[in-house]
Structure formats: structure tokens, C-alpha cells
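Here the structure is laid out as C-alpha cells; the discussion comes afterwards.
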Amino acid sequence: MLDIVLIRRDPERVRRSAKRRGIDPSFVDDVLRLDAEYRSALTDVERAKAEKNALSAQIGRAADKATAARELRPKLDALSAEIAGAEERVRASAPETPQSRLAELLTQTPNLLDESVPDGTGEAENVVLRTSGEPEPLAFAPKPHYEIGERLGVLDFERATKLSGSRFTVLMGGGARLARALVDFFLDRAARSGYVEVAPPFLVTRQTMWWTGQLSKFSDAMFVDPEADAFMIPTSEVPLTALHANEILAADRLPLKYAAYSPCFRKEAGAAGKDTRGLIRQHQFEKVELVWVTAPERSMEALERLTLDAQSLLEELELPHRVVALCSADIGFSPAKTYDLEVWFPAQGVYREISSCSNCTDFQARRAHIRFRREPNAKPELAHTLNGSGLAVGRALAAILENFQEADGSVRVPRALRSYVGTEKLTPVER
RNA sequence: GGAGAGGUGGCAGAGUGGUCGAAUGCACUCGCUUGGAAAGCGAGCAGAGGUGAUGAGCCUCUCGGGAGUUCGAAUCUCCCCCUCUCCGCCA
């Protein structure tokens, strides 16, 4: 959520950011008007309440309270009626009232873009910053990971469909082992880089989803049991970022760096027909998520660090990849700036997202009330939150299958993973 | 799921209808003291919002959350949530 005070004082900045995102900026004028109406109603309520409180205090001080109360009765009743009326106007217009038009506009307003974000109108205008490990041309036609996986007997899509429907996968034998190795590898590297490992709940409340701004972004894409008020997390960014909701942290604790393994659940309703084959787009996938909580002035350098932390995993896995700065139109709802890590898939000859690293600045912190104090008696300030995958397990597994495939259908295990997997090679099985 | 106890400021812990946003202690900040420190002494120290100049001041709201009674609620009533103890069930 944006700071209403900032919208009031610098509406032009909000309009500019909205335009760059490709959003009609006229909502800013509506926000300004509705906010003015709200504050006027609020002032009315507060003035009447102050008057009434003063009279009540007068009764409290009187020697004969009953008489005092009786005498002030007409005034008090008039004030009560006035308060009730004005309160109704406040309720109807308040940004805290979910049904109010102002709340609706504010909750739909995305974060302000960072100045360094390249302008663009879509995915095509994202900027490649650096490429690492140029893909080597193979001496044979590379197969897609789902064919390799089935041939190896490590990916079973048919049985997954039997169990759970489309967009699920059963990992078998070396595939399951490789996936677990990746998780261990990611978490070990995160620990080495100073991240605290966290094992969070995978079900969270509506409140928690709201805190991290997921309700607008993923509301259609989430698995939910409304009766139990339980949402299956679409990413462990949710529990990790919300970990310190409603807290005031000491400055010397920052930055907080957390790493969590978790399954992630998404309906992907809007993606029907896209990436229907293989591990790329699943209702359930796993990843290790990295989250930072920093002081505002450190968050941009933290984003660079976080991105490098994620990128180093691809380096160690010897997977060809590139780092892309998302352009203004492609950046998500909460982030001010995002770098995507894209890994090479030789079968299709494309780079695909395997990690998305974002600086959400104070956007999530404002909703979740994640604050810190610079000095022991200083005023609390909003912290900045960042998140990035480090990395997505399914896509990493798919990338390994495709990039390390041999002509005979076997797949080499990347050196960095061999001690975790216990073998150097996955070989095809007869079925 | 059942029974009981309880949820107050960073922490501990008073407060059962009238200037209580809240005693006291600890922690913390500043000052005095000291060669320096500790102790001691003095002062300060919750958050959010409105109004002002992103100042001072003033005002409103907040004692787990919500509704209610009352001129007035941390204090009384109702609902919900959470924690602890015991029982049941379970991994």
C-alpha cells in the first residue's frame, strides 16, 4: 500500500509511476478528492467528541455528579446524535473500511517504481543485464525435460494426473532425490551467505495474506478453505515477510535475512493452455525463498546482493543463465524494482524465469506494520522488504535434465550436487 | 473437542465505573556525579490518526479483537481469537 500522505503531497509522482506501468493515472484525482472528504468528516467527529469528552469530565469533577449529569443532558444528547451522524460519514469514506471507494482505490494501487527501472510496455522490453555460461551447442537434438524425465523414470506425469489431476508431477527415484538435493544445496548455500533458515507454516490466515499484498495479486490463484480461514501459501514470501508484522525491530538487528524451503500452491487459473507439459507450471511446486528486511537506505544495495546470492546458485550448478531487469510494465504489484533470473532451456532454445528478486520497499511493510527504530528512543520507521527465489526446485530440476542430457538419454549430475545425490549420472530405465 | 485460569506499554506487574494512556520495578535515552565506570540522584521514554510547517501546541483513537450498557469503560455485559493447566484424540 502507498502512503496516503505521499499521494497527497506529491500526486504527480504517483501519476508518473502509474503511467510507466501502463495504468490510467486518473485514479489519483479520485483518491485526493475522497481523502479530502474523509478527513473533513473525521475532523467533524473529533471536534464533537472533544466537546462531549469535556462535558463528561466536567461531570466527573462535580461534587454532585447526578445533578451535573441531569443538567448537561440535553447538550450531551445533541452531541451524541451529531457524533453518530458524522461517524457514519467517516465509516463510509475511511481508507480502513474495506468497502469504501477510497480503500478500493488504495488497495488496487501498485507500488511506486524505482527511478532505475527501464521504461517499457511489456515483457519484450525487459533489459538483459548480464549473461553467464553461454549455452554450448549439443551434438544431437536436445530433448525437452519431460521426455528425458519420463525416459529416466524420474518424472511420472500420468500417475500424477491419476492422483491429483492436471499440472501435478510425481517424482520417482533419482528425480525425487535430485529435488531433495537441490533443496539441501540451496539451503546450505543460503546459510553460508548468512541467511537464517526458517521452516514456516504452509497455511496462513487471510490477515497474513493481506499483509503481504497477495490478496490482490494472487486472489484468483490461491487454494483456500474459507471456513477454516486457511490459505495455502502461493510462496513462502508470505509467511517470511509477515514474520515481523506488527513489530518494531531494533536497528542493529537489520538486515534480517531469512531462507525457507516450502511447497507453493497456485491455481494458475489464468494460465490455462500455457506450459501444459512438464514441470514448468504446476499447481504445487517447491522452492527456497530468500527474504530480507532492511533499512530504507540499504534496500537497493540489498536487492543487488540478493540477486547475486540467487545467481551464484546457478553458477555453481553450471546452468547457463542471464539476469534481466524487468521493465516498467512487467513489474508486479508490490515491487518497486525486480530482477528476473532466467535459465537456459536448450530443447526450446529459450531462457525461462527461475527466480524473481524484488525490492518491495515500504509497500508491504506499510500494510504489515513492519517497523524499526534507528535509536533506542527514536520514532519507528517502516522497514523495506525484499524477496527472491533461491531457487525454484522444479524449474531447476527441469533445467538440469535439459542442460546435462547426453546423447544416450542419460543425465549428468552437476558437480555441486554430486555429494548430495550420491551419483554422477541418472541413466534411463526400461519400463 | 471438554473443563478451568488468564490476555494491560520493550519486559515484569498494579489498576473492578469518573482527568487512567495507565502506579511501581527493570530495560533504554539524556544530565549530574566520577580520572573512567558501577552505584546513586534528576529528567525523559507507547503507538496510530487529524490539525499546524514533515516544528511547538491542541484534539481524536488504542489496555487481545469486535459489538453493547453508560454522560463517562482497562474496569460491567455478549460474541470471537489466542496463551497456560488438566482431560480426550492424535503424529
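Throughout, a chain's letter reflects where its sequence line sits, starting with A, and its residues are numbered from 1.
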Legend entry - Steps toward ring pair (Phe, Tyr, Trp, His ring centres under 6.0 Å) verdict (F333(A), F363(A)): CA-CA 10 Å; F333(A) 183 75; F363(A) 192 79; 5.4 Å; yes
Legend entry - Ring-face cation of K287(A) near Y261(A) (centre distance under 6.0 Å, axis angle within 45°): no
Polar atoms only, N or O, under 3.5 Å: list the protein pairs with nucleotides 11-13 of chain B and their distances.
none

Inset, instruction - Rounded to whole angstrom, note down the P distance from U75(B) over to G57(B). - result: 30 Å
Inset, instruction - Using whole Å, report how far CG of D44(A) lies from P of U51(B). - result: 12 Å
Legend entry - Nearest-Å distance once atom C1' is located in both U85(B) and G31(B): 48 Å
Inset, instruction - Please determine if R415(A) and E318(A) form a salt bridge, counting it only when a charged side-chain N lies under 4.0 Å from a carboxylate O. - result: yes
Inset, instruction - Rounded to whole angstrom, note down the C1' distance from C11(B) over to A46(B). - result: 13 Å
Legend entry - Euclidean distance for P, C80(B) against G4(B) (whole angstrom): 14 Å
Legend entry - Under the salt bridge (charged side-chain N to carboxylate O under 4.0 Å, His left out) test, residues paired with D30(A) that sit two or more places apart: R33(A)
Legend entry - Residue closer to the 5' end of RNA chain B, A378(A) versus I4(A) (nearest nucleotide): A378(A)
Inset, instruction - Just say parallel, tilted or perpendicular for the rings of H244(A) and Y258(A), cut-offs at 30° and 60°. - result: parallel
Inset, instruction - Would you please indicate yes or no on a ring centroid separation below 6.0 angstrom for F168(A) and H283(A)? - result: yes
Inset, instruction - Look at atom CZ of R89(A) and say whether more than 12 heavy atoms of other residues, nucleotides or ligands are closer to it than 6.0 Å. - result: yes
Legend entry - Presence of R39(A) side-chain N/O under 4.0 Å of G52(B) phosphate oxygens OP1/OP2: no
Legend entry - All salt bridge (charged side-chain N to carboxylate O under 4.0 Å, His left out) counterparts of D35(A), not counting sequence neighbours: R8(A), R39(A)
Legend entry - C1'-based separation of U83(B) from G64(B) [nearest Å]: 10 Å
Inset, instruction - Look up atom CG in N359(A) and atom CG in L386(A), then write down how far apart they are to the nearest 0.5 Å. - result: 4.0 Å
Taking N or O atoms only and anything under 3.5 Å, show me the protein contacts with nucleotides 42-44 of chain B, one pair per line.
residue: G44(B); atom: N2; partner: N377(A); partner atom: ND2; Å: 3.1

Inset, instruction - Take atom C1' in G6(B) and the same atom in G17(B), then report the distance between them in whole Å. - result: 22 Å
Legend entry - SB check D29(A) R15(A) (cutoff 4.0 Å): yes
Legend entry - Residues, nucleotides or ligands: over 12 heavy atoms within 6.0 Å of E12(A) CD: yes
Inset, instruction - Locate the shortest heavy-atom distance separating A310(A) from S355(A); write the atom from each residue and the value. - result: CB-OG, 4.1 Å
Inset, instruction - Heavy atoms under 4.0 Å is the rule here; annotate nucleotides 55-84 of chain B 5' to 3' with B where the base is hit, S where only the sugar-phosphate is, and - elsewhere. - result: ----BBS---------BS------------
Legend entry - CD/E375(A): more than 12 non-hydrogen atoms of other groups inside 6.0 Å: no
Legend entry - R371(A) side-chain N/O to A48(B) phosphate OP1/OP2 under 4.0 Å: yes
Legend entry - K379(A) side-chain N/O to A48(B) phosphate OP1/OP2 under 4.0 Å: yes
Legend entry - Rounded C1' spacing from G7(B) to C41(B) in Å: 37 Å
Inset, instruction - Classify the glycosidic conformation of G52(B) as syn or anti, calling it syn when the angle lies within 90° of 0. - result: syn
Legend entry - G18(B) versus G25(B) - spacing of their P atoms, nearest Å: 24 Å
Inset, instruction - In sequence, state the C-alpha distance, the side-chain angles, and the governing distance for S80(A) and K52(A), and then conclude on side-chain hydrogen bond (donor to acceptor under 3.5 Å, both in side chains). - result: CA-CA 8 Å; S80(A) 295; K52(A) 191 179 174 187; 3.0 Å; yes
Inset, instruction - Using a 3.5 Å limit on both pairing distances, list the dot-bracket string of RNA chain B from the 5' end; Watson-Crick and G-U wobble pairs count, crossing pairs take [ ], interstrand pairs take |. - result: ((((((((.[[[..)..(.....]]].(((((.......))))).((((((.....)))))).[[[[[..)....]]]]])))))))....
